Amino acid sequence: MTLSFNSLGLSEARIRHLEAMEFTVPTAIQAQAIPHLLCGRDVVGQAQTGTGKTAAFALPILDRIDVKLPAVQALILTPTRELAMQVGQAIRGFIDDRRLKVVTIYGGQAIDQQISRLERGAQIVVGTPGRVLDLLSRGDLKLDQLSWMVLDEADEMLNMGFIQDVEKILNQAPIERQTAFFSATMEPSVRKLVTKFLRSPITVTIEQPKTAPTRINQVAYMIPRGWTKARALQPILELEDPEAALIFVRTRKAAAELTSQLQAAGHSVDEYHGDLSQSQRERLLLRFRQRQVRWVVATDIAARGIHVDDLTHVINYDLPDSVENYVHRIGRTGRAGKEGTAISLVHSLDRRKLRDIEYHMRQRLEIVSIPTRAQIEARQIDKLQGQIREALVGERMASFLPIVAQLSEEYEPHAIAAAALQMAYDQTRPTWMRSNQDHVDEPPAYSGGGNGGGGNGGGSSKPKPVKRGKSVGSAGNQVSPSLDR
DNA sequence: AAAAAAC
């Protein structure tokens, strides 16, 4: 049976607004948490990443909030500034009443603007603990009218480093309030803390708590002994050729270093961590979301909640410190029903961590070894062939025919096509690979350029004729002879 | 031990 928002107890106006946004079917966490929240119960909500937890707590709050009362009635805390921004934006998207205001408050930004927005009267505040406490002590934020308190990424908020601030904030909120904790993960030791802050909470758990969405293809690359991760990463990136990837490292320093290395190799990549200024952080996220940067090297600042459309890969260059963070990191991909790939680089010293992850995920990771040059080239040629087939049936191809006509006065059509392919193939490889072979561990069989030769043996066959129009199936993995090993 | 979070 398919549930609708109608049966959850939300108001007609809310449902009409949701339908206008093309939200018609609630997710499991929404279907189960919303009725309890509407009844006034405290809730602990646990569901996989990317299953609409924000709406699960925001919709009932919006339904019950007093729009005529210009006082803060709901406070939502998040562990990072960008997450606060994102949650604030999401809630604004659910609002159709101009009287209702959401203010986002976090550090690293001018406080005056945030104060004046609060003064103009906001019913909902989303923020990070430090700045919330700051504004509370200045008296610019008052919680005396607070009815709802939500911890997003609750287990992280109850961790050392956050718990003290969170406790201070909770202590300044009225006892007569509704509290909700939401996260994809909830370690048993953390779960015990929950009873300290919630009153007879209902726990809503969707599916097996520790498992990741199945549409995420999880792979572990074993690093050969004596190899550095940096050396192993290069061929992996070449094979996967990720369109949009988040590469996780353990420290800020490592993020800066790996970014420089990848940039020097000609990749479109930038760094994201707490050493950057707030404006740098926000600008980077914007560029990443707009596809102006293909890859981002980040610390666990990006592990939780951050949403980037169609992220194709999450790469654990360093394995995370906790299994929980593994779940959150890989949850950045495979969102909204899309597929995603999660790659972990595993050194022999990391074997134990890998076992822990597999145990907690209740599933094995696919173990693969570092791709060879031949595998990389085969994959690249495969991709090129696919692109050619697409171009052959596309509309724009016709506009290039005059060029072919002109060139065929001097050259054979096959030669023209092959030269065009060579150009296209070179485009798929980073610049340093074409010119300077020093960095290559395993030199490519086909030594760059168009100087003919290069083939080290390998039964070189007669050039295959280039097919006109649609091809026959069997051409599958056939590699163009000049590129053959 | 590191990361995040206030000035």
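Since the model is a prediction, treat every value here as computed from it, not as a measurement. Throughout, protein chains are lettered first and strands after them, A, B, ... in sequence-line order, and every chain is numbered starting at 1. For the numbers below, each heavy atom of this structure counts, side chains included, while hydrogens, waters and symmetry mates do not.
- At a threshold of 4.0 angstrom between heavy atoms, the contacts of Asp165(A) with the nucleic acid are absent.
- For Thr299(A), a side-chain nitrogen or oxygen approaches OP1 or OP2 of dA4(B) to under 4.0 Å.
- Here ring-ring contact (aromatic ring centres under 6.0 Å, His included) pairs that include residues 309-340 of chain A, with residues two or more places apart or in two chains, number zero.
- Picking from dA1(B), dA4(B), dA3(B) the nucleotide with the shortest atom distance to the side chain of Thr251(A) gives dA3(B).
- Nearest approach of Val194(A) to Val44(A), heavy atoms of both residues: CG1-CG2, 3.5 Å.
- Across all strands shown, Arg281(A) has heavy atoms under 4.0 Å from sugar-phosphate atoms exclusively, and none from any base.
- Distance Arg252(A) CZ to dA4(B) C1': 8 Å, rounded to the nearest Å.
- If you take CZ of Arg304(A) and C1' of dA5(B), they are 14 Å apart, rounded to a whole angstrom.
- The side chain of Thr80(A) places no N or O atom within less than 4.0 Å of a non-bridging phosphate oxygen (OP1 or OP2) of dA5(B).
- Relative to the side chain of Arg250(A), the nucleotides dA1(B), dA6(B), dA4(B) differ in distance, and dA1(B) lies closest.
- The existence of a salt bridge linking Arg379(A) and Glu238(A) is excluded, since no basic side-chain nitrogen approaches an acidic carboxylate oxygen closer than 4.0 Å.
- Within 4.0 Å of Gly161(A), counting heavy atoms only, lies at least one base atom of the nucleic acid.
- Asp350(A) places a side-chain N or O within donor-acceptor distance of the main-chain N or O of His347(A), the cut-off being under 3.5 Å.
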